[in-house]
Amino acid sequence: MDYQFREIEQKWQKHWAQNQTFKAEKDTTKPKFYVLDMFPYPSGAGLHVGHPLGYIASDIFARYKRLKGFNVLHPMGYDSFGLPAEQYAIQTGQHPALTTETNINTYRTQLDKIGFSFDWSREVRTSDAGYYKWTQWIFMQLFNSWYNLETDRAEDITTLIEKFNASGSADVRAVCDEEVKSFMPSDWATMTDEERQEELLKYRLTYLRESTVNWCAALGTVLANDEVKDGYSERGGHPVEQKKMMQWSMRISAYAERLLQGLNTIDWPEPVKEMQRNWIGKSVGASVRFKIDNADADRVLSADYIEVFTTRVDTIFGVSYLVLAPEHELVTALTTPAQLEAVNGYIAQTKKKSELDRMADIKTVSGAFTGSYVINPVSGERVQLWIADYVLAGYGTGAVMGVPSGDQRDWLFATHFGLQIVQILDGQKDIEVQADATKEGLYINSGFINGMTYAEATATLNAWLEEQGVGKAKVNYRMRDAIFGRQRYWGEPIPVYFKDGLPYLVKEEELPLVLPEIDKYLPTETGEPPLGRAEDWSYDDQYEYELSTMPGWAGSSWYWYRYMDAQNSSDFASKDAIAYWKDVDLYIGGAEHATGHLLYSRFWNKFLKDLGYVQEEEPFKKLINQGMIQGRSNFVYRVVDEEGRGTNTLVSQGLKKEYKTSALHVDVNIVENEVLNIEKFKLFRPEFAAAEFILENGKYICGVEVEKMSKSKFNVVNPDVLIENYGADTLRMYEMFLGPLEQSKPWNTNGIEGVFKFLRKFWRLFHNDQWVFNVEDDIPAKAELKALHKIIKKVQDDIDRFSFNTSVSSFMIAVNELTDLKCKNRQVLEDLVIVLSSYAPHICEELWSLLGNEAGSLSFAKYPVFNPEYMVEDEFSYPVSVNGKTRLNLNLSLSLEAAEIEAAVLSNEDVQKYLEGKAPKKVIVVKGRIVNIVI
RNA sequence: GCUCAGAUGGUGGAACUGGUAGACACGCAGGACUUAAAAUCCUGUGACCUUAAAAGUCGUGCGGGUUCGAUUCCCGCUCUGAGUACCA
């Protein structure tokens, strides 16, 4: 029979499902290998052809690893909490759980058709109570922990309490809030329970605190920094404003240094690591206190100094002014009556500007003098104190020292306001024109560091500042603690209730705290989150539960552990399972998660490791980002009359210049190689049923543009349609054939025929002209073995560097070669089936069983061993080039040594022709590669 | 502005360590089969020049360099895409 892909694919998909072929079990006789895909959010639109790209690659990898004798864990699940289902619920009243369920079923149907080797018995859904029970449990562990800087790890909160009991707050070195109390053990002993809880909350790794949040009114929720892009929400593009709110936060900043260092130990794409480094934003410098000059002022201040952070403490003698952020808490107190008007005016002006304007308006220098002065601690000089919006309240101390000669921004500021510019290094050039940030040369005009180099000066100053108690070397991180609460319904309830305004955890045995039913999915009339609508939403019938739910990234920050032991009801995963599967060996997903999911997951992983629940410091050893598949839209051109009205005439792309036209999107599924199928077009656009078509060469050629893949642009290609027409094996191979996995590219179905033809040709290798299965048990010919072993090697080399497209080409070459050789040899063909099976598993299973093997055993067959002996050649066709230009090829024995090759080449008649009687200056012979003659 | 990735035929792309640029596939052209079409199969297909054939010249974004030899290494530039943005 001819290649009947529909029957074959259905048959084997059913076989795999019924026999649970890909169910992973612990097996200590084999090395483990964990291949993970970033699990999808099940959206209502279903899968388009871009989604499975990464899944196909990881599936090929997983299947290959099984053939190589690994015990492979390859699961799939759904990140099923999220905003779209909730937005849909608000519009329709449909419970998000129902929408989600429907969408998941659609996804599953689509995924099943592609022939993935997922172990579905381990499926997880983050919105299942059985799953989010453990998300809540991890939240509780975070609440019950603090970060001890002495041991450099998270510890149970009881070790902190012990320290407070024993020696008060003095010995505690922790990552905590700024405004913690200093107290003696006796103070701790006399504190009320509420006072103690209030203090402990400042240390917990998840904590409640009033913080400035990104409030998105349109979505009715706060957003994390990585969910805000240029002042608008990433999802939906709604405006986001800064607002102060009581919020749950995660003390991820405690892990800043470990998150940074860990990047050096993992095999991830450099751009992703770089983004995480930028996000963490480590800067090494010093904090310095500038005393406020209160000599002629009589005022009460909450502090008598201004603290600044600088990465160039060596330039401190060049300070000509200090700047505070307009929001800095001391601004009001430090503004003199004379400057009050100017300062208030400036603050008002700053407030009006949106975040976006402030960023767009980098060039305009602005600021206001407060009228106050501070004293430079190293020189004793009196310098002006300004406010300006280029200083951000949220970074460092919200105060900056201005060194115009060394910093361009400071230089512009000083020039604009007529402040002093002092040269501090003899290596600085042209500081009248612009700042020079060099570290070269020796210091001048710099008191006790005059004559020193950069390194000497920095060390000297750090030591001096510390000794004087006015500063010290300091490391600063840009990364802020992550807000961990959303004023939304469709998320994990936070397992907390409030008693006298203080948060307490529910008991562990009371988990999961199940999401309650509510009447509608909107905030309450009083502006509380949707959970405020739930009846009896209180603990012990008296204490109100937390009304926020967890953010989208909560469930995805640990899910790879749940797959290790998905059914466990007494632990998030058993110690045993974690000890066996350990970590993810290969993780494939989109680059858009670089600073969100991938950073939070590393954070939770490190935390779980500190508490001894997991073993590895990093969860994902190897990461691959698959490229984005863009849409490729097709257009028809409608002729427009004088008044600009559309006519009923459509002109082919090549002729449109001769007419006035308007472009209309046309469904890409009725266009083949840019040629419009006119009959189908008339059905697609009934208003054009009677249209006239101006053709070129008898065809209607469509225009092309690359855009986002979306329904409204009629450029969505659904994998189901391709599978229906060509089969899953063709789809799998074609997606890989498109180009390098990591490269973004527009989807183009042109060319899928080539892959389909390849599979037919492959099928035909095993059949005679009448499509009767026919292989022979003869002795394989040398050429056949060579073709086979070439592909055996190629596939294993390619997979190590994630180059799937080149393997597909090589399969085509191998099948072309074996077809030309009329190969019918069982041994050769059987090995070829194994090699191809990770790419095209269905057709290979069918042929495998036709070859007489046990049905379904192909998945665990042994990958053939490459034998280099079959590659050995006696002869090689040497390209002979003259002055670097290839002129001819010469067949020579590979046993010849360089000198013999040279002699053979030079004596050749055709070569003589190029020599024109001259003796060559030089002859380069690379054995088995090339001969180059220099004349 | 900064960081990163990239630029190869009509198209997607290959060339892994500096060694025959354009593998493989699409498209296109011609042919076979067919009453015809589809499907299938065969042949050709970087550009230029010339041709009966052969030969020749140019050619991997642009300009230089290193080398016997550069798509590959180095320097400078242009363009495209992604990320990031007053971070002190």
Side-chain angles (χ1 to χ4, degrees), chain A residues 2 229-230 269-275 277-279 281-283 285 308-312 315 323 325 358-365 388-392 394-403 406-410 412-413 476-478 591-592 594-595 625 627-628 630 672-675 704 706 734 737-740 742-755 757-758 760 794 797-798 800-801 803 805-816 877-889 920-926 928-935:
Chain A
D2 196 353
K229 291 262 162 349
D230 299 333
E270 204 47 49
V272 176
K273 289 196 196 182
E274 199 56 33
M275 273 191 251
R277 284 190 194 107
N278 289 339
W279 193 261
K282 179 181 186 177
S283 42
V308 302
F309 176 73
T310 176
T311 54
R312 288 294 300 274
T315 64
V323 196
R358 230 164 120 166
M359 284 192 287
D361 196 20
I362 293 169
K363 285 182 190 73
T364 321
V365 178
D389 64 6
Y390 80 82
V391 177
L392 306 175
Y395 183 76
T397 56
V400 165
M401 62 185 211
V403 186
D407 182 292
Q408 184 59 19
R409 220 181 24 216
D410 294 348
L412 287 170
F413 193 84
N476 206 33
Y477 298 93
R478 192 170 68 154
E592 65 273 20
T595 49
N625 291 131
M628 259 219 317
Q630 295 138 304
E672 213 181 319
N673 285 316
E674 317 329 334
V675 177
V704 180
V706 173
Y734 184 61
F737 188 61
L738 274 180
E742 301 188 53
Q743 202 171 295
S744 285
K745 57 225 151 201
W747 176 266
N748 189 344
T749 309
N750 299 350
I752 196 169
E753 290 277 353
V755 172
K757 276 193 237 171
F758 155 76
R760 282 194 68 193
K794 180 69 176 163
D797 287 353
D798 281 353
D800 285 340
R801 52 195 186 104
S803 174
N805 56 323
T806 48
S807 280
V808 177
S809 299
S810 301
F811 280 124
M812 292 175 174
I813 294 170
V815 167
N816 288 346
S877 170
Y878 279 92
V880 178
S881 41
V882 177
N883 289 338
K885 259 179 211 149
T886 311
R887 293 299 181 176
L888 51 102
N889 286 290
K921 274 192 198 143
K922 198 173 175 187
V923 179
I924 290 105
V925 176
V926 184
R929 282 226 184 248
I930 200 169
V931 178
N932 190 14
I933 301 167
V934 188
I935 303 176

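Quick note on labels: first sequence line is chain A, next is B, and so on, each numbered from 1.
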- Message: As a test of your reading of the structure, name each stem of RNA chain B as range with range, where a stem is three or more consecutive Watson-Crick or G-U pairs at under 3.5 Å.
- Response: B:1-7 with B:78-84, B:10-12 with B:24-26, B:27-32 with B:40-45, B:46-48 with B:56-58, B:61-65 with B:73-77
- Message: Which is it for B:G9, anti or syn, if anything within 90° of zero counts as syn?
- Response: syn
Gap in Å between the two [atom1] atoms, one belonging to [N] and one to [M], rounded:
N: B:C16; M: B:U84; atom1: P; result: 34 Å
N: B:C62; M: B:A53; atom1: P; result: 32 Å
N: B:C74; M: B:G56; atom1: P; result: 34 Å
N: B:G22; M: B:G9; atom1: C1'; result: 7 Å
N: B:U71; M: B:G65; atom1: P; result: 15 Å
N: B:G44; M: B:G10; atom1: C1'; result: 16 Å
N: B:G19; M: B:A29; atom1: C1'; result: 35 Å
N: B:A14; M: B:G83; atom1: P; result: 23 Å

- Message: Does A:Asp410 reach a base, just sugar-phosphate, or nothing at all? Heavy atoms under 4.0 Å.
- Response: nothing
For [X] and [N], give me the distance from atom [atom1] to atom [atom2], rounded to whole Å.
X: A:Met628; N: B:A82; atom1: CE; atom2: P; answer: 8 Å
X: A:Glu274; N: B:A82; atom1: CD; atom2: C1'; answer: 14 Å
X: A:Phe758; N: B:A25; atom1: CZ; atom2: P; answer: 10 Å
X: A:Glu270; N: B:A5; atom1: CD; atom2: P; answer: 8 Å
X: A:Gln630; N: B:A82; atom1: CD; atom2: C1'; answer: 11 Å

Can you tell me if [X] touches the phosphate of [N], counting only side-chain N or O atoms and a distance under 4.0 Å to OP1 or OP2?
X: A:Ser283; N: B:A88; value: yes
X: A:Lys273; N: B:C4; value: no
X: A:Asn816; N: B:A25; value: yes

Identify, with sequence neighbours excluded, every residue that meets ring pair (Phe, Tyr, Trp, His ring centres under 6.0 Å) alongside [X].
X: A:Phe309; result: none
X: A:Tyr734; result: A:Trp747
X: A:Phe811; result: A:Tyr839

- Query: Which heavy atom in A:Asp410 sits nearest to a heavy atom in A:Val403, and how many Å separate them?
  - Reply: OD2-N, 2.9 Å
- Task: Quick one: closest heavy-atom pair of A:Leu392 and A:Asp389, and the distance?
- Result: CD2-O, 4.4 Å
- With A:Lys282, which residues qualify under salt bridge (Lys or Arg N to Asp or Glu O under 4.0 Å), at least two apart? A:Glu257
- Item | salt bridge (Lys or Arg N to Asp or Glu O under 4.0 Å) involving A:Glu672 - partner list, sequence neighbours excluded | none
Gap separating the [atom1] atom of [X] from the [atom2] atom of [Y], nearest 0.5 angstrom:
X: A:Asn816; Y: A:Ser810; atom1: CG; atom2: OG; value: 11.5 Å
X: A:Ile930; Y: A:Ile924; atom1: CD1; atom2: CD1; value: 9.5 Å
X: A:Met275; Y: A:Asn278; atom1: CE; atom2: CG; value: 9.0 Å

All N/O contacts under 3.5 Å from nucleotides 65-74 of chain B to the protein, with atom names and distances to one decimal?
unit_1	atom_1	unit_2	atom_2	d
B:C68	O2'	A:Asn932	ND2	3.2
B:C68	O2	A:Asn932	ND2	2.6

- Output yes when a side-chain donor or acceptor of A:Lys745 lies under 3.5 Å from a complementary backbone atom of A:Pro740, and no otherwise. yes
- Item | Among B:U20, B:A25, B:A88, the one nearest A:Ile930 by side-chain distance | B:U20
Under 3.5 Å between N/O atoms: give me all the protein pairs with nucleotides 8-18 of chain B, atom names plus distance.
unit_1	atom_1	unit_2	atom_2	d
B:G12	O2'	A:Leu738	O	2.6
B:G13	OP1	A:Gln743	NE2	2.9
B:G13	O3'	A:Asn805	ND2	3.3
B:A14	OP1	A:Asn805	ND2	2.9
B:C16	N4	A:Lys794	NZ	2.6

- Item | Toward the 5' end of RNA chain B, by each residue's nearest nucleotide, A:Val675 or A:Asp407 | A:Val675
- Which comes earlier along RNA chain B counting from the 5' end, the contact point of A:Val400 or that of A:Gly754, where each point is its nearest nucleotide? A:Gly754
- Query: Hey, mind stepping through A:Thr806 and A:Arg801 against side-chain contact (heavy atoms from CB on, under 4.5 Å) and telling me if it holds?
  - Reply: CA-CA 11 Å; A:Thr806 48; A:Arg801 52 195 186 104; 4.3 Å; yes
Table of protein N/O atoms under 3.5 Å from nucleotides 36-38 of chain B N/O atoms:
none

Could you list the protein-to-nucleotides 54-56 of chain B atom pairs, N/O on both sides, closer than 3.5 Å?
unit_1	atom_1	unit_2	atom_2	d
B:G56	OP1	A:Arg887	NH1	3.1
B:G56	OP1	A:Tyr914	OH	3.2

- Sequence-distant partners of A:Met812, side chain to side chain contact (heavy atoms under 4.5 Å, CB included), two or more places apart: A:Phe737, A:Val755, A:Phe758, A:Val808
- Query: Listed by chain and number, what are the side chain to side chain donor-acceptor pair (under 3.5 Å) partners of A:Asp2, not counting sequence neighbours?
  - Reply: A:Arg760
